[in-house]
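As the structure is a prediction and not an experimental result, all values here were calculated from the model. The figures here come from the full heavy-atom set of this structure, side chains too, leaving out hydrogens, waters and symmetry mates. Letters go in sequence order (proteins before strands), and every chain restarts at 1.
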Amino acid sequence: GQQVQQSPASLVLQEGENAELQCNFSTSLNSMQWFYQRPGGSLVSLFYNPSGTKHSGRLTSTTVIKERRSSLHISSSQTTDSGTYLCALERPGANTGKLTFGHGTILRVHP
Amino acid sequence: ETAVFQTPNYHVTQVGNEVSFNCKQTLGHDTMYWYKQDSKKLLKIMFSYNNKQLIVNETVPRRFSPQSSDKAHLNLRIKSVEPEDSAVYLCASRPGQINERLFFGHGTKLSVL
């Protein structure tokens with residue numbers, strides 16, 4: 001089954017609203033990363049967050065290993081936040097650096 | 001700022017043709033990857049190289065072959081493309097093998113007619 005589940009699959013916001021994106025995983029992990037992808041664009045690493053909470057501007061990532069979940073919070077959303085948000089986990093033990101990705105959350109922010 | 005460079009950006013070809021994609025990173029990283037992103041946006045690893053050595057080779061058809069001349073370059077050749085090869089191919093790099101950020105290129109979109 002799918003090892004990394006993201007929710008919601010898509011989200012529509014009005015500019016200024018906040019968003020909470022979820023990533024649930026069914027295996028143990030070494031690390032969790034969040035990426036942003038604009039349509040037709042490359043993946044940009046937002047957070048490398050194996051555990052705990054990290055902040056970057058309007059973005060906050062929280063990973064709770066015991067509960068097997070990670071979240072990405074976007075505050076005061078802007079139209080330029082529109083795109084796909086992907087989480088990816090790296091499993092321990094394999095020593096290969098292989099990331100397992102979720103299907104992503106498509107975010108649309110309207111003005 | 002892009003530091004993982006992929007060429008071409010797009011490629012349209014017919015079934016049975018051979019294609020090659022290039023990837024170069026200027027970050028001094030030791031490990032490079034090829035990922036495939038399908039139409040549903042799901043990314044799956046294809047290959048991983050560490051310092052020119054093959055580390056990961058997922059269940060990928062034999063018509064796919066990676067080529068690395070040095071640790072800054074990782075190319076991908078597809079001998080005889082099939083319709084299901086239509087996808088975006090993303091190259092990535094990271095300093096070591098595990099527990100570090102991954103840096104991606106813009107991707108090469110392949111369309112097989």
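- Atom NZ of B:Lys71 sits in a crowded spot, with more than 12 heavy atoms from other residues, nucleotides or ligands closer than 6.0 Å.
- No other option in A:Leu46, A:Thr84, A:Ile106 has as many heavy-atom pairs under 4.5 Å with chain B as A:Leu46.
- Under a hydrophobic clustering in which Ile, Leu, Val, Met, Phe, Trp and Tyr are joined whenever their side-chain heavy atoms come within less than 4.5 Å, directly or via other members, B:Leu110 and B:Val15 fall into the same cluster.
- Put simply, the side chain of B:Tyr35 gets close to the backbone of A:Leu99: a donor and an acceptor are under 3.5 Å apart.
- Residues A:Phe101 and B:Ile45 have side chains not in contact (no heavy-atom distance under 4.5 Å, counting atoms from C-beta outward).
- Across B:Leu102 and A:Ser45, no two heavy atoms sit closer than the pair O-CB, 3.9 Å.
- Shown here for B:Gly105 and A:Ser42, the closest heavy-atom pair between the two residues is O-CB, 2.9 Å.
- Looking at B:Leu43, both its backbone and its side chain come within 4.5 Å of chain A, counting heavy atoms on both sides.
- Atom-to-atom distance recorded for A:His103:NE2 and B:Lys41:NZ is 12.5 Å, nearest 0.5 angstrom.
- Under the rule for a ring-ring contact (aromatic ring centres under 6.0 Å, His included), A:Phe47 has no partner lying at least two apart in sequence or in another chain.
- Across B:Arg101 and A:Gln33, no two heavy atoms sit closer than the pair CA-OE1, 3.6 Å.
- The 12-atom threshold is exceeded at CZ of B:Arg63, counting heavy atoms of other residues, nucleotides or ligands nearer than 6.0 Å.
- In this structure, chain A has a heavy atom under 4.5 Å from the side chain of B:Gln37, while its backbone stays farther away.
- Within a 6.0 Å sphere centred on CZ of A:Arg38, heavy atoms belonging to other residues, nucleotides or ligands number 12 at most.
- Of the two parts of A:Leu89, neither the backbone nor the side chain holds a non-hydrogen atom closer than 4.5 Å to a non-hydrogen atom of chain B.
- Within 6.0 Å of CD in B:Gln14 there are 12 or fewer heavy atoms belonging to other residues, nucleotides or ligands.
- Checked against side chain to side chain contact (heavy atoms under 4.5 Å, CB included), B:Ser93 has the following partners two or more places apart in sequence or in another chain: B:Val4, B:Gln25, B:Leu27, B:His29, B:Met32, B:Phe103.
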